[in-house]
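Below: one structure, written as structure tokens.
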Amino acid sequence: MPWWNDRVFYEIFVRSFADSDGDGIGDFVGMTDRLDYLNDGDPTTTDDLSITGIWLMPVFDSPSYHGYDVVDYRATQPEYGTIDELRHFIDEAHKRGIAVIMDLIINHSSSQHPWFSESGLEDSPTSDWYIWEDEAPDWRGLWGQNVWHERDDNFYYGIFWKGMPDLNLRSDAVTAEMYDIAAFWLDDVNADGFRLDAARHLIENGAVQVDTPETYSWLGDFTGAMHGISSDVLILGEIWTDSETISSYVPDSVDLAFEFGLADAFLSSMSAWNAHDVEEAQREISSLYRTGQFAPFLTNHDQDRVMSQLGGNVERAHVAAVWLLTTEGVPFVYYGEEVGLSGVKPDERIRTPMPWTDDSIRVGFTTGVPWEPPDLGFATANVETQTDDADSLLSTHRDLIRYRSTSNALRFGTTTVVETSAPEMYVVLRTYGDENVLVLLNLSGRDVTDYSVDLGMDVSPGAISVFGRSPDSVTDATAYKPVTTVRPFEAFVIELTTSTDG
Ligand SMILES: [Ca+2]
Ligand SMILES: [Ca+2]
Ligand SMILES: [Ca+2]
């Protein structure tokens, strides 16, 4: 298996993670100071999260708070710190066994980028670096939006908004520049790979603006070139669509992609108290991908936080965490999710300061005034309150991430959806060789007694509890009941011992 299947990743919005100098804006130094919380590098200590990968949301120089409109691809956002400070962060992460991938925005730049200011002018070297027309074509974008924006009597294409003009990736010069930029962050700053923003939108073919053959091919060439720099570089695509389309990019165009379809199906099942959607999605996933070659997650920085989608219910958040951290693939945790940080759009409210303490205004994030007020759940959704509580959401994350790092079945195993007669139960078997882990989730707020699990194989009586109440031994492998009554929103992770004499 590739190295990334050993990992659990953590998505960080730098502006909101940790502020070292009191200006209310998170920075590289603050993030470095908090690395031991994420992973202290010592496998014998258990009071860290033990994550082994970080995805840094954009850190390049940008006029916006979020950074998805870049003005200089070889400079850091000054508010976050210097390149040396970022390099130091990555070095310190590596010492702790954490790989770091960076957000790379290839599809578009800021309209304030000098490339764009000089583009469209006849003698400019970046004249054709963006997509220009004399007259605006009559077609619109994927979501019905206007995509042709006027400047000086000409029109340029920008799928997201006028401040983010799409780069012309049919230009060899633009492509060469992107390769060079990527090589800089890999070679000079020691990044381990990239999360490619808006990857399905790279190259348009007239009104066909997504998933074009040119986009697949550009990505495949780019990923190949990055592997030429180091075979260990991870290229992970944001391809926000259905699972079948997402999977068509893997592995020829990108190494991995986020599984939006699976995440949607799981949250839909959580909200319906019915496992149907996630069962169907998981079966589809198993048919679409090679084992483990996708990235499951719950929600990211573009979606209402999972805690809010679950109505602020901590028991349900535990069920979601158990699902994510036992699911096949390379799981991504969005910062704050591990303590139950909530938030609904607008976007700033799903990207609020990391709640380290219950200090009402600053939440341990800053000594000054935070750039954005914290979420109101900080009284209980914070690190300090949960860190010594063995039953907290944070402890569940710590326990399961640590267990995952020791379990071949969870990291490398296949997934079998197990039918039960109870529609509110989601049950899967994760299997690698003779290692078997049973995951059993009650997605509903009801007691479940009328159920049984057909393990589909010979197992000896041994049933070792990894998470949840102690299960009964296996007496009948075709009708196993770990407990007589599964309580509302209860979750179990059980290691089964297979018989050796069969
Ligand atoms: Ca700061
Ligand atoms: Ca540790
Ligand atoms: Ca594009």
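Indexing begins at 1, ligand by ligand and atom by atom, following the structure's order.
Distances from the Ca ion (ligand 2) to the N/O/S atoms of Asp40 are shortest for OD1. Closest to the Ca ion (ligand 1) among the N, O or S atoms of Asp19 is OD1. Asp21 has its closest N, O or S atom to the Ca ion (ligand 1) at the position named OD1. If you look at Asp27 and ask which of its N, O or S atoms sits nearest the Ca ion (ligand 1), the answer is OD2. Among the heteroatoms counted here (N, O or S) of Asp166, OD2 is the one nearest to the Ca ion (ligand 3). Restricting Glu204 to its N/O/S atoms, the shortest distance to the Ca ion (ligand 3) is reached by OE2. If you look at Asp23 and ask which of its N, O or S atoms sits nearest the Ca ion (ligand 1), the answer is OD1. Among heteroatoms of the N, O or S kind in Asp42, O lies nearest the Ca ion (ligand 2).
Within the 3.5 Å criterion, the main-chain N or O of Arg351 finds a donor-acceptor partner in the side chain of Ser16. With hydrogens and angles ignored, the 3.5 Å screen pairs no side-chain donor or acceptor of Thr357 with any backbone N or O of Glu384.
His301 has its ring centre no less than 6.0 Å from the ring centre of Phe13. Between Tyr10 and His397, the gap from one ring centroid to the other reaches at least 6.0 Å.
With Tyr156 as the fixed residue, the ring pair (Phe, Tyr, Trp, His ring centres under 6.0 Å) test singles out one of Trp115, Trp148, Phe116, Trp161: Phe116. For the side-chain contact (heavy atoms from CB on, under 4.5 Å) with Ser407, the lone residue among Val437, Leu400, Val493 that qualifies is Val437. For the ring pair (Phe, Tyr, Trp, His ring centres under 6.0 Å) test with Phe17, the passing option among Trp371, Phe365, Trp356 is Trp356; the others fail. Only one option out of Trp55, Tyr249, Tyr334 pairs with Phe258 in a ring pair (Phe, Tyr, Trp, His ring centres under 6.0 Å); it is Trp55.
The Ca ion (ligand 2) does not have Ser50 among its coordinating residues (no N/O/S atom, backbone or side chain, under 3.0 Å). Not one N/O/S atom of Gln209, from backbone or side chain, sits under 3.0 Å from the Ca ion (ligand 3). Here Asp47 does not reach the Ca ion (ligand 2): none of its N/O/S atoms is less than 3.0 Å from the metal. Residue Ile131: no N/O/S atom is found under 3.0 Å from the Ca ion (ligand 3). Coordination check, His201 versus the Ca ion (ligand 3): passed, since an N/O/S atom of the residue sits under 3.0 Å. Metal site remark for the Ca ion (ligand 1): Ile25 contributes an N, O or S atom at a distance under 3.0 Å.
Annotation: angle subtended at the Ca ion (ligand 3) by Asn107 OD1 and Leu202 O is 100°, to 10°. The OD1 atom of Asp48 and the O atom of Thr45 meet at the Ca ion (ligand 2) at an angle of about 80°, given to 10°.
Between the side chains of Tyr130 and His113, no donor-acceptor pair of N or O atoms lies under 3.5 Å.
Between Trp185 and Phe60, the angle of the ring planes stays under 30°, which puts this pair in the parallel group of the 30/60° scheme.
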